Amino acid sequence: MRGEICIGSASVLSFAALIMLIFVHVGQINTSKVPRGISMVQVNVSGYGQGLEVALGDPISGLYTDNASAPLEDMQGIRQMYKFGLYSHCGFVNDSQGLCSNISTANRFQPFTVLTADMLTNYSQITNAIITGGTFIDSDYLGEFSNAAWYLILIGTVAAALALITGFLKHSVLFFLSTVAAIIGAIALLIGATIWTVIIKKAQGVNNFLVGPAASPAPLGIVVSTGNALFLLWAAWACLLVSILPYLIRYASCIMSSKRFSHFLALASGVLALAAGAQALQKVSRSGRYLYTEDGNRFFIKGIAYQEQGQTSTDPNNPFSEPSTFIDPLTDANACNRDVPSLKDLGVNAIRVYSVNSSLNHDACMSALSQAGIYTIIDLALPVNGSIDRLSPTWTTNLLDLYLGTINAFNKYDNVLAYNVGNEVIIDPEGTVAAPFIKAAARDVRAYLDSISSSALVGYAAIDGDDNWVLPLAQYLACDPTDSNSGSSSIDLFGLNNYEFCGDASPSAYSNKNGDFAGYNAPAYFSEFGCVKQPPRLWTEVETIFSQPMSDIWSGGVAFSYFPAESNDGQFGMVTVNGDTVTTSDDYDRLKSEYGKVTFPTVPSKSDAGASQFLTCPSTNSTWLATTKLPPTPNDAACKCLDSNLSCLFSPQVADSTNIVGSLLDFTCSSLPNVNGNCNDISSNGTTGTYGRVAFCDPNTKLSFVMSEFYELSNRNSQACDFSGNATVNSNAPASISSANAAASSCLTNPSATFTPTSPASTTGSGSGSTSGSTSGNGGNGAIGLLGGSPQALLGVGIAVLFSVLGSALTLA
């Protein structure tokens with residue numbers, strides 16, 4: 001009798017789950033009464049017109065359509081309300097009248113794309129310029145995860161149906177199948193419902209978006225809310241989850257023993273758990289001025305620089321050869337398998353890599369390093385055009401997109417310790433004007449890492465120099481310009497490329513640096529060390545660096561360099577490589593010996609380290625020229641809007657335009673005074689804190705902007721938009737000069753804004769630093785972190801849970 005009661009209750013629960021899932025699937029497939037009342041998410045834009053009026057200061061007309069039968073996404077005006085289902089979305093001009101899109105499997109939730117496609121062209125451009133933040137505008141992110149969720153919900157629905165059908169038939173195999181189906185369905189529905197919950201929550205960030213003057217801001221007027229279908233989905237999951245227990249009881253009563261199978265499943269579950277645990281390195285975080293692992297122990301960087309030297313060009317002001325090309329060392333699986341044993345034998349726990357190509361695959365190398373317990377410090381900059389220019393510093397969309405593209409490529413790995421936003425950008429007091437741009441890069445990278453739930457630290461590596469500017473640089477990068485003890489623009493880790501300990505020097509070689517940094521408020525380490533001026537390198541400085549009193553000030557260091565590297569000071573390198581063979585040198589053996597003696601100090605404890613403090617920024621003087629007013633966050637949406645409205649566009653005749661942009665900018669800026677113009681709008685000044693309203697755009701957009709200014713001030717003379725064949729008139733630009741100026745202003749409604757950037761649509765990662773995509777907003781792909789790191793991780797979690805549940809259940813049976 002117990003079996004009939006169990007199967008009856010399980011069938012009722014799975015039947016209830018199936019009915020609710022059917023309702024979830026029919027939501028928004030048409031505008032009849034039942035489907036139009038069911039939706040996963042609703043977007044109310046009835047107040048957006050009022051918000052636009054406040055933002056622009058002008059009346060709004062033509063934004064909405066009253067025609068319920070007007071085709072969707074045809075630039076005929078937006079509706080009052082949009083509702084999104086699993087197969088289509090519908091737009092409603094009132095409570096009952098509307099139109100639905102074509103039905104398609106795995107319909108993507110992309111509200112921003114839907115809205116702007118309904119708008120007239122001028123309103124879509126204005127909307128792109130005004131909404132400069134939030135996951136709401138990240139259609140790729142929302143579309144990707146809602147698409148994945150559809151497949152999971154479909155799997156859950158099919159599994160619920162199978163559980164219901166097989167549960168009616170009295171056979172042990174079928175009872176087993178009904179149990180498995182219920183478990184699979186519950187797991188799939190859980191993950192699918194969680195994805196929808198997270199993306200809706202993140203899209204709701206637009207609800208808090210304000211427009212208008214700072215003194216009296218008004219709501220943007222777009223409101224995202226959760227639809228009733230999501231509640232039905234969670235209820236269906238609960239019913240299916242509860243049905244598992246009676247299915248299991250009924251199955252247990254129908255079989256005598258399944259010990260071998262249960263033992264196999266239990267073993268598989270254990271193997272999966274052990275594999276998952278073996279792959280995870282402890283996260284490292286900052287407390288006060290020190291680094292700590294998750295178990296509360298102090299962490300020291302005991303590392304080595306790991307990158308083959310590319311082509312170099314010598315800068316007379318720098319003792320090292322400046323790279324012009326690079327070799328990504330983390331893309332060659334064979335090379336990593338060859339080198340990781342040597343790195344592990346050397347005793348390092350971290351490597352520093354100076355340039356990587358985000359478009360290539362780094363899985364094999366990062367996995368091998370992780371299994372060896374080795375963290376990575378990744379420099380985000382690339383040679384030549386992929387870094388902040390020390391002679392003409394800027395912080396622009398192409399650099400931000402490049403940096404975020406690299407972070408996206410490495411975010412899935414557990415052994416990224418830190419990302420450096422720059423290396424030796426400043427090399428003398430005159431170059432300290434670049435500091436605000438470095439600090440702005442740290443601010444935006446920090447905000448992005450927070451948005452994607454990344455624990456990676458933000459760092460900078462400085463060349464050593466006179467104390468009158470090196471120490472202020474370190475203080476500036478870790479200070480709070482607002483004097484409110486905020487770390488939003490502070491680095492987490494200051495690196496100093498220090499080579500002052502040569503030969504068999506005494507610990508006193510570091511006395512001055514120890515004195516300078518004794519009161520420093522952020523973790524600091526030697527991002528390079530290992531003088532070659534007095535060979536052989538004995539590496540006796542290692543004992544000094546990793547013991548008191550230096551361990552109270554510094555958090556380790558990175559020896560330079562694993563691979564051979566030439567410099568003006570001498571030859572570096574500890575190994576020679578011939579194919580798959582690594583030959584170590586005496587230099588390697590001595591470092592191995594010294595690293596082998598290191599025992600990390602344990603003081604201060606994490607509880608004694610105190611909270612992180614962010615002090616007042618250093619004042620300007622003759623050797624420190626940096627303002628505390630930072631450049632704004634580069635806004636791709638504003639720059640794209642400009643590109644579509646500028647009247648004279650940079651159209652290079654050569655495939656690689658990077659070599660001519662600079663000279664054309666110089667020529668155009670020198671020509672503008674002849675027509676009463678100037679280049680103030682694209683200029684930046686790190687001393688005065690003056691940043692032109694287009695200064696954050698990429699070089700090509702800035703060039704088009706000043707070309708257009710020259711063309712407009714020349715009364716649109718066709719000869720004024722030629723520039724030796726490198727420019728063309730934009731036929732889609734506004735017809736009049738006044739309209740063009742108004743369009744440009746609408747693109748740049750808030751050029752001084754700082755916000756959390758979002759993931760770029762694409763990145764090249766190959767060295768030019770030229771990228772494209774939307775980096776305005778505060779959403780990021782945070783749901784990836786919330787849901788396990790990647791969509792692939794979700795599958796792994798599901799499989800592990802499935803094996804665990806089945807193994808436990810069958811062992812009990």
Side-chain angles (χ1 to χ4, degrees), residues 277-287 290-307 328-331 336-337 339-356 362-380 406-407 409-421 423 445-446 449 452-461 491-496 522-529 542 545-546 551 554-563 591-592 595-596 598-601 606 785 789:
Q279 293 297 318
L281 285 176
Q282 290 194 66
K283 293 180 180 178
V284 177
S285 60
R286 168 189 178 183
S287 289
Y290 302 108
L291 301 175
Y292 294 89
T293 51
E294 290 176 299
D295 58 9
N297 291 319
R298 263 200 79 179
F299 180 82
F300 289 81
I301 298 168
K302 189 172 66 169
I304 192 168
Y306 181 74
Q307 185 139 27
D328 187 338
L330 302 180
T331 60
C336 288
N337 290 333
D339 293 332
V340 166
S342 297
L343 294 171
K344 190 173 182 180
D345 177 63
L346 188 58
V348 302
N349 66 2
I351 62 170
R352 182 181 172 195
V353 180
Y354 294 79
S355 298
V356 294
H362 304 88
D363 290 352
C365 287
M366 292 298 288
S367 176
L369 290 165
S370 177
Q371 290 174 15
I374 298 174
Y375 293 88
T376 55
I377 300 171
I378 306 292
D379 284 29
L380 297 175
T406 298
I407 291 172
F410 284 84
N411 185 49
K412 60 185 175 180
Y413 306 123
D414 67 355
N415 56 332
V416 176
L417 175 65
Y419 296 106
N420 283 337
V421 295
N423 177 63
V445 168
R446 172 78 276 150
L449 289 173
I452 61 173
S453 303
S454 170
S455 64
L457 306 171
V458 179
Y460 175 79
I491 60 170
D492 304 304
L493 187 62
F494 181 80
L496 185 66
Y525 75 113
F526 291 139
S527 41
E528 292 176 6
F529 73 90
V542 168
I545 293 171
F546 289 93
S551 61
W554 305 92
S555 293
V558 174
F560 191 89
S561 147
Y562 181 81
F563 293 107
L591 179 61
K592 174 185 173 181
Y595 267 170
V598 170
T599 299
F600 290 163
K606 188 173 184 179

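Source: prediction; values computed, not measured.
- Between F560 and F529, the distance from one ring center to the other does not fall under 6.0 angstrom.
- By the ring-ring contact (aromatic ring centres under 6.0 Å, His included) test, Y292 pairs with no residue at all, sequence neighbours left out.
- Using a 4.5 Å cut-off on side-chain heavy atoms (C-beta onward), N420 and R352 make contact.
- Judged by distance alone, the side chain of D379 and the main-chain N or O of S355 form no donor-acceptor pair under 3.5 Å.
- In this structure, N415 contributes its side chain and I374 its backbone to a donor-acceptor pair below 3.5 Å.
- Residues that satisfy the ring-ring contact (aromatic ring centres under 6.0 Å, His included) test with Y460, not counting sequence neighbours, are absent from this structure.
- Every residue was checked against the side-chain hydrogen bond (donor to acceptor under 3.5 Å, both in side chains) condition with Y595, not counting sequence neighbours, and none meets it.
- With N349 contributing its side chain and F300 its backbone, the two residues share a donor-acceptor pair below 3.5 Å.
- When atom types are taken as modelled, the side chain of K606 and the backbone of S287 share no donor-acceptor pair closer than 3.5 angstrom.
- The salt bridge (Lys or Arg N to Asp or Glu O under 4.0 Å) analysis of residues 362-377, with sequence neighbours excluded, yields the pairs D363-K412.
- For K344, the NZ atom counts as loosely surrounded, since its 6.0 Å shell holds 12 or fewer non-hydrogen atoms of other residues, nucleotides or ligands.
- The ring-ring contact (aromatic ring centres under 6.0 Å, His included) search around Y419 returns none, not counting sequence neighbours.
- In this structure S342 satisfies the side-chain contact (heavy atoms from CB on, under 4.5 Å) test together with Y562, V582, Y588, sequence neighbours excluded.
- Each of I378, I351, I377 was scored for a side chain to side chain contact (heavy atoms under 4.5 Å, CB included) with L417, with one residue passing: I377.
- Classified by interplanar angle (parallel below 30°, tilted 30° to 60°, perpendicular above 60°), the ring pair F299/Y375 is perpendicular.
- When atom types are taken as modelled, the side chain of S527 and the backbone of L496 share a donor-acceptor pair closer than 3.5 angstrom.
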